[in-house]
Structures are given as structure tokens and as C-alpha cells.
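Structure first, commentary second.
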Amino acid sequence: MPEEGLVGGGRLTERTGEQGSVPKERASRIVMLVDLDSFYASVEEQRHPELRGRPVVICMFSGRTEDSGAVATANYRARALGVKAGMPIPLAKRLVKEGDAVFLPADREHYREVSDRIMEILGEEADALEQVSIDEAYLDVTARTGGLWREAERIASQIKGRIREQEGVTCSIGIGPNKFVAKMATSRQKPDGLTIVREEEVQEFLAPLLVEELHGVGPKTAEALREMGVITAKDLAQVDVQELVGIFGEARGVYLKEIARGIDPSPVAKRERTQFSRIATLKEDTRDEDAIMERMVELGDQLERKLTETNVGFRTLSIILIDTRLRTHTKSETLPHSRSVREKIPIVRRLLQEWLAEQGASLVRRVGVRVSNLSHVGSQRTLTDFG
DNA sequence: AATGATACTCGGC
DNA sequence: TTACGGCCGAGTATCATT
């Protein structure tokens, strides 16, 4: 076992080790982000080995016409041809035409099962696990590594090996002193990457990044920053926090200043589900109340089955409407605790009537139902559970 | 004025 | 030249309550 090159508690040797990266002390926190590479596509390649080497595009077909729908994910071979998640399927087909690309419908139930097994592995390798999505999770490994980066690297390699052995897919892992840096580190090298950014390397790692590359900075924020002459993370780190607060508001202003400096105190904490929704595309655009209601009742029933399975109740009920211009509209109402969506159908109808009255012209393309403000009925209580 | 709840939008995957 | 899913959680403005 190689020596870790510790220098006893906080003694400073002001120089970043050039040959072999020798950290000066134990990190106060080590956080890892594991991101499964083009997950849906990888799972399909795993169970259909004949797909390997070909562009693979996983699609959510809406059923409205032969090819209506959007791309959920694409493997790297397809991405090289310009295919991206969220893209209309017909456009993806045009990009890859005359190639040997394959388009498959997403089988989310199966991906969920594979994901659950992988998350179980991650749970075994971490002090704390925070699942962010079906293909991404943060791990706090501070205690089990004793704050040693080398040990974190060993665990990361072990995780990669276990996932590849057991499920036949690869992942990219970023390691840093907090969640934000771990996330940014992951983006540095994928697929099948492993990137470590130690505390003393954070500033030089972030400095050259463009603000739009920072996790949590979208096009709108990036544009506002650009107008201030803020282009890179280094620029952002030098802006006075009060100026940011003035433009973006308290929470967001402080957040921007902190992430630009690589600071993120948010803990790796188990996430509770906060909402369930079901959404579907209508056969035709319409603003006919009964046609929309018919679909919403179906979706409500699906939702109710889900609530029963998971033993969850709700207080807030929302309807979701997506118009022909793909703009999303919602209406919601908070009610006494309930476990039945069906018995709230009159409320759904009223919300819809209100929306139709407000939105004189728009035609509806997709509709959905959502429940939130959840409470776990059978087991532990939450804040909203007054039972 | 401060706090918490609610309604709604936005954007990531 | 167009083309267009189904989820999720976070953020924020506004309202109600104290």
C-alpha cells in the first residue's frame, strides 16, 4: 500500500505536488458523483449485444403519428452524428439517415430495475447516498476513506468494476470536496471517466470554465452574466456578492458566488419523493373540455394506483397543460389530505374550466395530472402528515 | 416585517 | 424547412398569518 504522504494536521507546505499529486492533509469531506453513461442506450446494448458499435437512439414515442416523439438518450456513436436528448425523432432520423442507426422505444420499467440494482451497489460503497435521478447519485465517502483522496479513487475504481461486472454498463465518476465540484469533475471526462479534483485544485479547475458550463447556470442566467461582462467562473468569483444578489435575488445571488469559488455546503442526503405525475400526448390538439377530461381521468387512475402501491397520500393536486407551441401551463389546488385522485375529479374539472376560460385561444397538445405535498401514510410521518 | 404556505415556471435528464 | 416526451426537483413571486 503506497504511503499517502500526509503532513501532520494542517502544516503548510505551499506547493502543489508536481510529480505524483501529494495532498497535504486529510480532506474534511470527500464527495463522489456517479453518472451512468448514456444509461438507457447502454442497457439496451447490454441486453442486445448485436447493437454494439451502431448508433443507438432511445425514443419516447407519443403515438400521435408514426414518428412523433422525442429522443430520450442516444449512445456516443449517435451523438457523434448530432443526435441529442430532447430532439424530435424525425430530426434525429434525418441526421443519421443512410447509416445503420437503430431507434428503440424506451423501456423505462426495465431501466428502473437495472438502476435499482446499481443504486444498491452504490449504497454499499458510501457513508451516505443521494440518488438524483435514474442514472445519477452522489456518495459521501468521507468516513470510509478517512478523508484520503487515494482511497476515494480506489473505491471509485471498485464501483466502476462492480457495475461493469454485474450490469455490463459503464459510468463516469467525479470526486471532489463537495457535490458541486464532484458534479463538475464528472463532466470533465466521459464516458467511462474518473476525475478527481482535490481541495487545493478547485480554483484552477473551475477558473477557465465558462459560466454556462457551471451546474445550475442556465441560458438565462448566463446571458445576464454575459451582459455584466462575466464570462468565466473566475470572472464570476470576483463579482461582489451584493451585485449578484441585486440582480438574481438573495438565494440565487449567494449561490452563484459560492459555486464560482467551488463552495457548496449542501449535504449528501437521502431524497424523499416530493411529487408524482402522469402526462400524455393527445391524439389531436383540442380545447374540448370533455376530451381533455377523459384523458385526465385515465392519468388520474394511473396515479392513484401508484399512490396505493407506494402507500402515499397527497394534499396538492395539479393539472398540467402543454399547448401547441409546447408551452407548459399548470393549475393547482391544495386540499385536505387524500389518497384518492378519482374522488378529486370534480376539482380537476374545475381547474381545467378555469384554465380554458383564462386561455381563450390556445389548443392543448399534451395533458397531465400531478400530486404533490406528499405524506407517507403507512410508515413514517412527514411534515404534512397530520394523522 | 418575518415566516411559512401556495401557485406557478423553468430546466435537467 | 419542419419536425417535439415524460418525468423529476428547484426556484421564485405572491399570498396568508402572525
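Small disclaimer: the values here were computed from a predicted structure and weren't measured. By convention in this document, chain letters (A, B, ...) are assigned in the order of the sequence lines, proteins followed by strands, and residues within each chain are numbered from 1.
Set against C:dG6, C:dG9, C:dC4, the side chain of A:M60 has C:dG6 as its closest nucleotide. The side chain of A:L91 has C:dA3 as its nearest neighbour among B:dT9, B:dC13, C:dA3. The side chain of A:T281 approaches C:dG5 more closely than any other nucleotide in the set C:dC7, B:dC13, C:dG5. For A:L326, the side-chain atoms get nearest to C:dC4 when compared with the rest of C:dG9, C:dC4, C:dC7. The nucleotide whose nearest atom lies closest to any side-chain atom of A:S68 is, among C:dC7, C:dC4, C:dG9, C:dC4. Side-chain proximity of A:K331 to B:dC8, B:dC13, C:dG5: nearest is B:dC8. Distance from the side chain of A:T274 is smallest to C:dG9 among C:dC7, C:dG9, B:dT6. When each of C:dT2, C:dC8, C:dG6 is scored by its nearest atom to the side-chain atoms of A:Q275, the top-ranked nucleotide is C:dC8.
Using a 4.0 Å heavy-atom cutoff across all strands shown, A:F39 reaches no nucleic acid atom at all. Using a 4.0 Å heavy-atom distance criterion, A:F248 is classed as a sugar-phosphate-only contact. As judged by a 4.0 angstrom heavy-atom cut-off over every strand, A:R252 is placed among residues touching the sugar-phosphate backbone only. In this structure, A:T334 reaches the sugar-phosphate backbone alone: every heavy-atom distance under 4.0 Å involves primed, P, OP1 or OP2 atoms, never a base. Nucleic acid contact for A:A72: base, since at least one base atom lies under 4.0 Å from a heavy atom of the residue. Within the nucleic acid shown, A:R108 comes within 4.0 Å of sugar-phosphate atoms alone, with no base atom in reach, counting heavy atoms only. Counting non-hydrogen atoms under 4.0 angstrom, A:G216 reaches nothing in the nucleic acid. Within the 4.0 angstrom heavy-atom criterion, only backbone atoms of the sugar-phosphate kind lie near A:K183; the bases stay farther away.
Stacking of A:R79 on the aromatic ring of A:Y76 is recorded, both the 6.0 Å distance cut-off and the 45° axial limit being met. Figure legend: cation-pi geometry between A:K179 and A:Y138, with NZ or CZ positioned under 6.0 Å from the six-membered ring centre and within 45° of its axis.
Straight-line distance from the OH atom of A:Y138 to the C1' atom of C:dG9: 12 Å, rounded to whole Å. Rounded to a whole Å, the CZ atom of A:R273 is 13 Å from the P atom of C:dA10. If you take CD1 of A:I279 and C1' of B:dC10, they are 14 Å apart, rounded to a whole angstrom. Here B:dT6 presents its P atom at 18 Å from CD1 of A:I319, a figure rounded to the nearest Å.
Residue A:S277 has no polar side-chain atom (N or O) positioned under 4.0 Å from OP1 or OP2 of C:dC7. Applying the 4.0 Å criterion to OP1 and OP2 of B:dT9, one finds that A:T328 has every side-chain N and O outside that range.
In this structure, A:S42 contributes its side chain and A:D37 its backbone to a donor-acceptor pair below 3.5 Å. Side-chain atoms of A:E136 never come within 3.5 Å of backbone atoms of A:V34 as a donor-acceptor pair (strictly under, hydrogens ignored).
Toward the 5′ end of DNA chain C lies the nearest nucleotide of A:D67, the other residue of the pair A:D67 and A:L299 mapping further downstream. Each of A:G86 and A:R271 was assigned the nucleotide of DNA chain C with the nearest heavy atom; the assignment lying further toward the 5' end belongs to A:G86.
Using a 4.0 Å cut-off between charged side-chain N and carboxylate O, A:K190 and A:D35 make a salt bridge.
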